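In this text the structure is predicted, and so the values were computed from the model without any measurement.
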Protein chains: 2
Amino acid sequence: MIDLEHKSKSIAHICVVRSCNCLDCPSRWAAMASTERNESAGAGGVRARVRAELTAEIKAAATRQMAESGASALSLRAITRELGMASSAIYRYFASRDELLTALIIDAYNDVGVTVENAAASVPAGDRPGRFLALAVALRSWAIEHPNQYALIYGSPVPGYVAPEDTIASATRVPVVLLSLLLEGETEDSADQEGELADALRGLVDFTEGTISPDALALGVETWAELFGLLSLELFGHFENTVTDPERFFIHAVESMAARVLGDDG
Amino acid sequence: MIDLEHKSKSIAHICVVRSCNCLDCPSRWAAMASTERNESAGAGGVRARVRAELTAEIKAAATRQMAESGASALSLRAITRELGMASSAIYRYFASRDELLTALIIDAYNDVGVTVENAAASVPAGDRPGRFLALAVALRSWAIEHPNQYALIYGSPVPGYVAPEDTIASATRVPVVLLSLLLEGETEDSADQEGELADALRGLVDFTEGTISPDALALGVETWAELFGLLSLELFGHFENTVTDPERFFIHAVESMAARVLGDDG
DNA sequence: TGAGAAACGAGAGCAGTGCTCTCGTTTGTC
DNA sequence: GACAAACGAGAGCACTGCTCTCGTTTCTCA
């Protein structure tokens with residue numbers, strides 16, 4: 001597996017692979033390890049280990065249940081039944097249904113994140129359209145294999161639910177891969193940070209520390225939007241009787257996006 | 001208000017305005033009047049009238065409640081409380097929660113449908129980029145004013161819920177406006193209906209009776225996807241800390257799409 | 001006009017949910 | 001070994017969608 005190279009100077013903090021060792025990234029990656037979050041109470045004790053195991057079992061049962069019936073049909077009582085414990089016991093591990101859902105959301109973000117990272121890294125760095133295609137196809141495959149998890153993170157948020165800080169680091173993995181790929185070679189020492197477009201994309205402009213032109217960033221966000229628009233329309237049933245072969249059309253659209261954003265050259 | 005002209009020959013059955021009187025459209029529009037669906041029992045009787053009124057009141061209360069707490073928090077019992085009736089009485093009007101939801105979905109599709117149709121029709125037919133911009137801005141405004149209704153129809157479908165036939169006619173209104181606008185003047189007497197792309201878009205190719213090239217159709221679907229991708233990313237919170245001014249960026253993206261799909265000319 | 005049928009509203013009830021509280025037990029720590 | 005924290009189990013609360021029954025109202029048709 002070939003790592004995406006780390007352009008610490010040209011694209012600040014946009015590090016695609018976990019092995020990146022620039023200043024800011026380690027903390028970001030560390031924050032993503034949601035699985036290890038519940039193991040903090042008691043270091044190496046027996047109790048801590050069985051707690052971690054049960055926490056994982058609960059999440060596994062929840063994931064299984066969600067894959068069958070969707071996120072909003074997820075029932076804490078059904079999980080406790082499956083695990084043979086009292087219905088009240090689950091609250092020792094997750095304070096509420098929302099907290100379990102948040103853990104599942106983080107896991108889903110990380111799952112699709114590593115999938116996309118690996119797909120991009122499996123194509124030589126020089127072949128940008130190839131990487132883009134691999135990335136997009138991997139994203140779609142993941143979405144189709146995990147429709148309910150896709151809906152959980154990219155569909156309508158459950159009412160009243162506000163994503164906690166914990167999720168944002170994991171949530172950025174896919175767009176970061178996408179942007180870092182699309183913007184390779186598009187960087188400047190000091191891009192124009194003024195203007196309407198730069199204002200509209202202020203968050204992104206600051207994130208990239210002004211090394212990328214607002215126009216290039218805008219193209220990247222547009223691509224991001226079309227990618228998820230295609231997937232959402234397909235997965236949520238809006239291609240019925242219209243786009244008869246979504247896979248073939250998806251590849252066509254991805255190639256068209258690649259030509260538009262990356263240019264026609266390899 | 002200026003009607004979009006009806007190109008019965010060039011774009012078969014893609015009629016943008018309700019006043020269209022081609023062969024196939026009247027039945028389509030008729031099927032969209034979900035409001036009148038429950039009035040069929042008893043023509044002009046008193047009972048039928050109060051039934052229609054109560055049905056409308058239930059839907060109004062449901063819409064109000066959904067606007068506050070989202071679709072999955074919608075409670076039949078809360079509606080009956082608000083209306084001062086027994087909890088069981090609501091089942092005389094809607095056989096299940098899903099049936100109420102379906103009615104709300106149809107209404108939402110029609111609501112956004114007329115909004116977009118009117119916006120497109122408010123710009124002279126010759127100004128295609130202007131129409132596209134008006135259409136897109138109206139679509140976004142509607143989405144922002146009705147976020148929960150947007151999520152209801154374009155977000156993740158509720159688990160186990162399958163859209164009944166009733167919804168598809170209403171659901172096609174927005175894409176039909178979009179496609180008919182994008183494809184004006186792009187028609188041919190007999191476009192190539194073969195090839196991979198035509199196969200992938202078989203449903204659309206058949207719908208347009210082969211008068212539009214698969215390439216043009218693909219561009220239209222891509223635009224559709226980017227439009228809804230932009231809105232979904234924004235409304236579902238994925239632009240947080242990234243696209244700081246979503247409205248401004250949306251307009252930029254729409255103009256970029258218009259230039260790409262409609263060409264740079266007016 | 002009056003009888004029968006259909007539609008209706010209200011209430012009780014069932015099975016399910018998220019969540020809380022209490023109580024006795026187990027485990028870890030000083 | 002004492003004490004506290006963590007834990008599992010159970011009962012219980014308020015809520016949900018939905019069903020069934022029963023008495024009343026309304027419509028229809030002879």
Side-chain angles (χ1 to χ4, degrees), chain A residues 37-59 61-62 65-66 68-105 158-162, chain B residues 37-59 61-62 65-66 68-105 158-162:
Chain A
R37 285 194 322 138
N38 265 304
E39 300 175 17
S40 50
V46 179
R47 187 168 239 169
R49 211 189 55 235
V50 309
R51 179 180 179 82
E53 281 172 10
L54 228 179
T55 304
E57 271 185 61
I58 290 172
K59 288 206 291 183
Q65 191 178 310
M66 203 182 63
E68 288 171 11
S69 326
S72 68
L74 184 134
S75 157
L76 298 189
R77 294 184 106 113
I79 293 172
T80 59
R81 272 196 301 273
E82 187 178 326
L83 267 54
M85 61 204 286
S87 67
S88 57
I90 199 173
Y91 292 93
R92 300 279 180 197
Y93 299 87
F94 295 94
S96 68
R97 192 175 177 274
D98 268 10
E99 200 175 292
L100 211 200
L101 231 36
T102 301
L104 295 183
I105 287 173
V158 309
Y161 177 84
V162 274
Chain B
R37 285 195 321 139
N38 265 302
E39 299 174 18
S40 51
V46 179
R47 187 169 239 167
R49 210 188 56 234
V50 309
R51 179 181 179 82
E53 281 172 11
L54 229 180
T55 305
E57 272 185 59
I58 290 172
K59 288 206 292 184
Q65 192 178 311
M66 202 181 64
E68 288 172 10
S69 325
S72 70
L74 183 134
S75 157
L76 298 189
R77 292 185 106 111
I79 294 173
T80 58
R81 272 195 302 273
E82 188 178 326
L83 267 53
M85 62 204 287
S87 67
S88 57
I90 199 174
Y91 292 93
R92 300 280 181 196
Y93 299 87
F94 295 94
S96 68
R97 191 175 177 276
D98 268 10
E99 199 175 293
L100 211 201
L101 231 36
T102 300
L104 295 182
I105 288 174
V158 310
Y161 177 85
V162 273

Could you give the CZ-to-P distance, from B:Arg51 to C:dA6, as a whole number of Å? 15 Å

For A:Ile79, answer base if it contacts any base atom (sugar-phosphate contacts may also be present), sugar-phosphate if it contacts only those atoms, and nothing otherwise; contact means non-hydrogen atoms under 4.0 Å. nothing

Residue mapping more 5' on DNA chain D - nearest nucleotide basis, B:Ser87 or A:Ser87: A:Ser87

Identify whether any heavy atom of B:Leu83 sits under 4.0 Å from a base atom; if not, whether one sits that close to sugar-phosphate; answer base, sugar-phosphate or nothing. nothing

Going from CD1 on A:Ile79 to CD1 on A:Ile90, what distance comes out if it is rounded to the nearest 0.5 angstrom? 4.5 Å

Hey, is the main chain of B:Arg51 close enough, under 3.5 Å, to the side chain of B:Arg92 for a donor-acceptor pair? no

A:Lys59 NZ to A:Tyr93 OH distance, which is reported to the nearest 0.5 Å: 14.0 Å

Against the side chain of B:Ala89, the closest entry in D:dG17, C:dC19, C:dA10 is C:dA10

Write down the distance between CZ (B:Arg49) and P (C:dA7), rounded to a whole number of angstrom. 19 Å

Length of the CD-P vector between A:Glu99 and C:dC19, whole Å: 10 Å

Tell me: OH of B:Tyr93 to P of C:dA6, nearest whole Å? 18 Å

Under 3.5 Å, which protein N or O atoms sit close to an N or O of nucleotides 21-26 of chain C? Give each pair with its distance.
{"from": "C:dT26", "atom 1": "O2", "to": "A:Arg47", "atom 2": "NH2", "distance (Å)": "3.1"}

Could you check B:Leu74 against A:Ala86 and say which one's nearest nucleotide on DNA chain D is further toward the 5' end? A:Ala86

What is the distance, rounded to the nearest whole Å, between atom CE of B:Met85 and atom P of D:dC18? 15 Å

Assess the residue pair B:Thr102 and B:Phe94 against the criterion (side chain to side chain contact (heavy atoms under 4.5 Å, CB included)); give the C-alpha distance rounded to whole Å, side-chain angles, the decisive distance to 0.1 Å, and a yes or no. CA-CA 10 Å; B:Thr102 300; B:Phe94 295 94; over 6 Å; no

Figure out the CZ/P separation between B:Arg81 and C:dG11, and round it to whole Å. 15 Å

Could you tell me how far apart B:Ile90 (CD1) and C:dG11 (P) are, to the nearest whole angstrom? 16 Å

Rounding to 0.5 Å, atoms OG (A:Ser75) and CE (A:Met66) come to a distance of 14.0 Å

Distance in angstrom units between A:Arg97 CZ and C:dC19 C1', rounded: 13 Å

Check side-chain contact (heavy atoms from CB on, under 4.5 Å) between B:Arg81 and all other residues, then give those that pass, not counting sequence neighbours. B:Arg77, B:Ala78

Contact between B:Leu76 and B:Ile58 at the side-chain level, heavy atoms closer than 4.5 Å - yes or no? no

Can you tell me if A:Arg77 touches the phosphate of C:dG18, counting only side-chain N or O atoms and a distance under 4.0 Å to OP1 or OP2? no

